[in-house]
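A short worksheet on the structure shown next.
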Amino acid sequence: MIHHVSVGTNDVGRAKAFYDPLMRLIGFRLIKVSPTAVHYGASDIAFSLETPIDGQPASAGNGVHIAFQAPDRDTVRRFHQIALAQGGADAGAPGIRANYNANYFGAFVRDPDGNKIEAVTYTARESFDLLATSTDVPKKDAAP
């Protein structure tokens with residue numbers, strides 16, 4: 001079992017601004033922040049962004065990505081949309097990835113530091129309307 005995952009960042013403030021709405025969308029909250037790190041989770045820290053302890057610049061790993069579980073397909077779409085609006089780069093639009101599984105619905109983005117992240121669900125359900133009334137998360141769109 002994985003206890004937590006950390007990825008590097010060269011700008012903690014920029015990383016926090018990028019990840020805050022994404023983490024809220026999937027049910028994580030900001031647990032701790034310092035000048036060198038930002039930590040998110042549900043009850044304990046599960047995902048962190050940190051400046052490298054060795055003092056060298058952070059760099060994204062080739063072939064490495066982190067997948068966040070989404071409750072439904074609409075949340076995957078919204079995750080992708082919010083990430084792009086926050087300055088992320090598209091690395092794979094929302095959709096079925098039949099090469100993984102007939103029900104694998106995911107979307108991939110790169111954060112401002114180049115880390116590849118994903119939102120994924122196996123459910124065919126379109127929406128649970130999570131956070132649909134939140135003022136800081138864009139409303140779901142009607143696009144498939």
Side-chain angles (χ1 to χ4, degrees), residues 1-34 36-52 56-144:
M1 177 181 290
I2 295 172
H3 183 270
H4 70 276
V5 174
S6 298
V7 297
T9 183
N10 292 303
D11 186 329
V12 171
R14 179 185 67 190
K16 182 180 179 305
F18 177 83
Y19 278 98
D20 276 355
L22 295 174
M23 296 297 100
R24 264 192 308 275
L25 179 66
I26 62 167
F28 280 4
R29 64 183 178 84
L30 180 63
I31 292 180
K32 184 178 177 184
V33 66
S34 76
T36 60
V38 182
H39 307 281
Y40 299 94
S43 58
D44 293 322
I45 294 170
F47 179 69
S48 299
L49 303 138
E50 302 181 28
T51 57
Q56 297 299 308
S59 61
N62 186 27
V64 174
H65 85 275
I66 299 167
F68 295 100
Q69 184 173 334
D72 53 52
R73 292 180 178 191
D74 185 55
T75 302
V76 171
R77 288 185 197 98
R78 290 171 51 214
F79 184 96
H80 187 259
Q81 175 188 23
I82 292 168
L84 296 181
Q86 293 295 112
D90 181 29
I96 293 287
R97 302 299 196 276
N99 54 319
Y100 300 147
N101 179 290
N103 297 310
Y104 194 109
F105 190 89
F108 299 84
V109 296
R110 291 214 179 255
D111 73 10
D113 286 294
N115 297 301
K116 190 173 185 182
I117 59 173
E118 171 189 9
V120 62
T121 188
Y122 284 90
T123 183
R125 185 169 185 149
E126 281 300 318
S127 178
F128 283 100
D129 288 327
L130 299 176
L131 300 176
T133 58
S134 177
T135 59
D136 57 353
V137 177
K139 303 279 191 250
K140 63 182 179 176
D141 59 40

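What you see is a predicted model; the values in this text were computed from it and never measured.
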Under 6.0 Å from the CG atom of Asn99, do we count more than 12 heavy atoms belonging to anything else shown? yes
Between Phe47 and His4, is the gap from one ring center to the other below 6.0 Å? no
Mind listing the closest non-hydrogen atom pair of Ala58 and Gly8 along with its distance? CB-C, 3.6 Å
Any salt bridge between Arg14 and Asp113, counting N to O under 4.0 Å? yes
Carboxylate-amine/guanidinium proximity below 4.0 Å for Arg97 and Glu118: no
For residues Thr9 and Ala15, report the shortest heavy-atom separation together with the two atoms involved. OG1-CB, 3.5 Å
Of all the heavy-atom pairs spanning Ala17 and Gln86, show the shortest one and how long it is. O-NE2, 2.7 Å
Tyr122 ring center within less than 6.0 Å of Tyr104 ring center: yes
Taking all atoms of both residues into account, what is the closest heavy-atom pair of Lys16 and Leu30, and its distance? CE-CD2, 3.6 Å
Could you tell me if His80 and Asp90 have a donor-acceptor pair between their side chains, going purely by distance under 3.5 Å? yes
Return yes if some donor-acceptor pair links the side-chain N/O of Thr75 with the main-chain N/O of Ala70 below 3.5 Å, else return no. no
Anything under 30° is parallel, anything over 60° is perpendicular, the rest tilted; go ahead and classify Phe79 against Phe68. tilted
Looking only at side-chain N and O atoms, does Asp111 offer a donor or acceptor that is under 3.5 Å from a partner on Tyr19? yes
Heavy-atom pair of closest approach, residues Gly114 and Ala60: O-CB, 3.1 Å
Looking at every non-hydrogen atom in both residues, tell me the closest pair between Asn103 and Ile96 and how far apart they are. C-CD1, 4.4 Å
